[in-house]
Amino acid sequence: MDFFNSASGRNITFVRPAYFIISGFIGIPNMKYYYVFLFFLYVISVLGNTAVMVVIYLDHNLQTPKYVAVFNLAFVDLLGSSALVPKVIDIFLFNHYNISYNDCLTFLFFCYTCLSMQALNLVALSYDRLVAIIYPLHYQVKMTHRFMFSLIVSFWIIAIIALLTAVGLLTRLSFCKSVVINSYFCDHGQIYRLACNDYTPNDVIGKLLHYVILYLPLIIIVCSYICIGKALAKVATVQERVKALKTCSAHLSLVAIYFIPIMITFGMGAQIDPNFRIINLSLTSVLPPMLNPIIYVLQTHEIKVSMKRILKVRRQSKILVK
């Protein structure tokens with residue numbers, strides 16, 4: 001039993017493995033190229049999200065409640081990608097398939113916390129759009145910096161407590177059969193199903209996380225846009241409706257990119273093919289962080305104007321220096 005670190009000498013009956021083994025794709029050759037592809041997406045994500053954060057930080061005109069949420073979304077995307085992709089590259093390109101028990105749980109915590117915060121951050125942005133369209137004259141009063149900061153901090157607290165609970169419940173499990181995780185990272189569902197003892201609490205918290213962190217945010221976002229649609233239906237002219245919808249186009253694009261793939265993955269549950277699950281989850285974890293800054297730069301007028309202004313100032317400063 002050298003493979004396992006048993007808790008001998010204590011009143012503990014579980015067996016805790018020294019490490020887990022990440023299996024990755026099963027039966028598909030040359031998948032290293034796919035992980036190289038993920039790395040290129042990660043590089044674009046880092047550059048794009050860093051650029052959005054820098055622009056919002058430098059331009060005082062963008063330091064509004066809405067862009068507090070956009071800044072937090074860029075930060076979460078950057079943190080989530082950095083927590084996932086470098087470790088995945090290390091595992092599969094450098095053949096470090098073994099990951100220690102504590103490192104695996106830490107890996108799980110950061111990946112799922114950032115994935116959860118992406119969904120919750122989209123809720124904050126949907127509420128901002130709701131207030132801006134339904135209560136345009138009272139927007140400055142209802143949507144303040146303090147309110148947006150409080151909302152985002154609350155979401156962080158919810159996500160962290162929920163994931164700490166999930167990770168804490170994993171520590172009560174005994175892994176005496178297998179330590180091979182059929183995924184590309186330390187996937188919560190794949191881990192607790194390896195346990196020998198009763199994992200009902202883990203199953204319950206896993207399903208609860210799906211509802212609280214995935215389905216509930218989507219329901220709130222859908223309801224907010226139903227209210228927006230009803231409000232726009234009362235607007236007299238088509239031009240005013242189109243103008244209002246354009247302000248929501250970037251957010252709606254982010255919602256579709258994030259929720260559609262992940263809903264397919266979790267909706268199919270255990271019926272989904274393991275390789276398809278890996279592709280879908282990995283792209284869900286990497287594509288939205290890469291596309292979010294591109295969408296906001298292309299579809300948000302304020303950011304485009306701000307970037308042009310910053311670049312113009314830099315060119316003028318260079319000319320003055322010369």
Side-chain angles (χ1 to χ4, degrees), residues 19-52 73-100 103-119 178-191 193-194 253-254 256-298:
Y19 55 85
F20 288 103
I21 300 173
I22 311 294
S23 65
F25 289 97
I26 302 171
I28 302 180
N30 300 320
M31 287 310 297
K32 289 187 176 182
Y33 297 108
Y34 176 74
Y35 296 112
V36 173
F37 168 69
L38 290 183
F39 177 73
F40 281 112
L41 295 184
Y42 167 67
V43 172
I44 298 172
S45 173
V46 170
L47 295 175
N49 285 293
T50 302
V52 169
L73 180 62
F75 172 74
V76 169
D77 288 342
L78 184 61
L79 181 62
S81 297
S82 299
L84 176 69
V85 178
K87 188 63 179 177
V88 169
I89 297 300
D90 179 61
I91 292 171
F92 295 104
L93 291 188
F94 298 99
N95 301 322
H96 297 154
Y97 300 105
N98 297 349
I99 178 170
S100 70
D103 287 349
C104 191
L105 296 188
T106 304
F107 190 22
L108 181 154
F109 172 78
F110 279 103
C111 289
Y112 272 98
T113 299
C114 292
L115 202 63
S116 302
M117 275 305 301
Q118 286 177 338
S178 173
V179 291
V180 179
I181 300 173
N182 295 321
S183 186
Y184 71 105
F185 78 118
C186 292
D187 195 338
H188 178 256
Q190 299 296 320
I191 292 177
R193 290 187 181 93
L194 296 174
S253 300
L254 303 186
I257 290 169
Y258 176 83
F259 279 102
I260 291 176
I262 204 167
M263 290 291 287
I264 292 172
T265 302
F266 290 116
M268 295 180 68
Q271 300 175 350
I272 192 171
D273 179 77
N275 290 330
F276 181 73
R277 176 186 173 85
I278 291 174
I279 291 175
N280 210 357
L281 267 181
S282 59
L283 290 179
T284 302
S285 302
V286 178
L287 267 181
M290 186 271 289
L291 292 174
N292 288 352
I294 297 173
I295 290 171
Y296 259 102
V297 169
L298 293 179

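Computed over heavy atoms, backbone and side chain alike; hydrogens, waters and symmetry mates excluded. Residue numbers start at 1 and run along the sequence shown.
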Check: Any ion pair linking Arg277 and Asp187 (charged N to carboxylate O, less than 4.0 Å)?
Finding: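 Here Asp187 pairs with Arg277 in a salt bridge, since their nearest N and O are under 4.0 Å apart.
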Next item on the list: Please assess Ile279 against Phe25 for the test side chain to side chain contact (heavy atoms under 4.5 Å, CB included), listing each intermediate value before the final yes or no.
Entry: CA-CA 9 Å; Ile279 291 175; Phe25 289 97; 3.3 Å; yes
Margin query: Assess, by modelled atom type and distance only, whether the side chains of Tyr42 and Ser82 contain a donor and an acceptor separated by less than 3.5 Å.
Written below: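 Yes, side-chain donor-acceptor contact under 3.5 Å.
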Notebook entry, point to check: Any side-chain donor-acceptor pair under 3.5 Å between Ser285 and Tyr184?
Noted result: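 Checked: Ser285/Tyr184 side chains pair up, N/O donor to acceptor below 3.5 Å.
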Quick one: are [X] and [Y] in side-chain contact, heavy atoms under 4.5 Å?
{"X": "Phe185", "Y": "Leu84", "result": "yes"}
{"X": "Leu254", "Y": "Tyr258", "result": "no"}
{"X": "Phe20", "Y": "Asn98", "result": "no"}
{"X": "Phe40", "Y": "Val286", "result": "no"}
{"X": "Asn280", "Y": "Ile262", "result": "no"}

Is it the case that over 12 heavy atoms from other parts of the model lie below 6.0 angstrom from the [atom1] atom of [X]?
{"X": "Tyr35", "atom1": "OH", "value": "yes"}
{"X": "Tyr34", "atom1": "OH", "value": "yes"}
{"X": "Phe75", "atom1": "CZ", "value": "no"}

So which atom in [X] and which in [Y] form the shortest heavy-atom distance, rounded to 0.1 Å?
{"X": "Leu38", "Y": "Ser282", "answer": "CD1-CB, 4.1 Å"}
{"X": "Ile278", "Y": "Gly24", "answer": "CD1-O, 3.3 Å"}
{"X": "Asp90", "Y": "His96", "answer": "OD1-ND1, 2.8 Å"}
{"X": "Gln118", "Y": "Pro289", "answer": "NE2-CG, 3.4 Å"}
{"X": "Ser183", "Y": "Ile22", "answer": "O-CG2, 3.1 Å"}
{"X": "Phe107", "Y": "Ile99", "answer": "CD2-CD1, 4.0 Å"}

Next item on the list: Applying disulfide bond (SG atoms under 2.5 Å apart), run through Cys104 and Cys186 and close with a yes or a no.
Entry: CA-CA 6 Å; Cys104 191; Cys186 292; 2.0 Å; yes
Checklist line | Steps toward side chain to side chain contact (heavy atoms under 4.5 Å, CB included) verdict (Leu194, Gln190) | finding: CA-CA 7 Å; Leu194 296 174; Gln190 299 296 320; over 6 Å; no
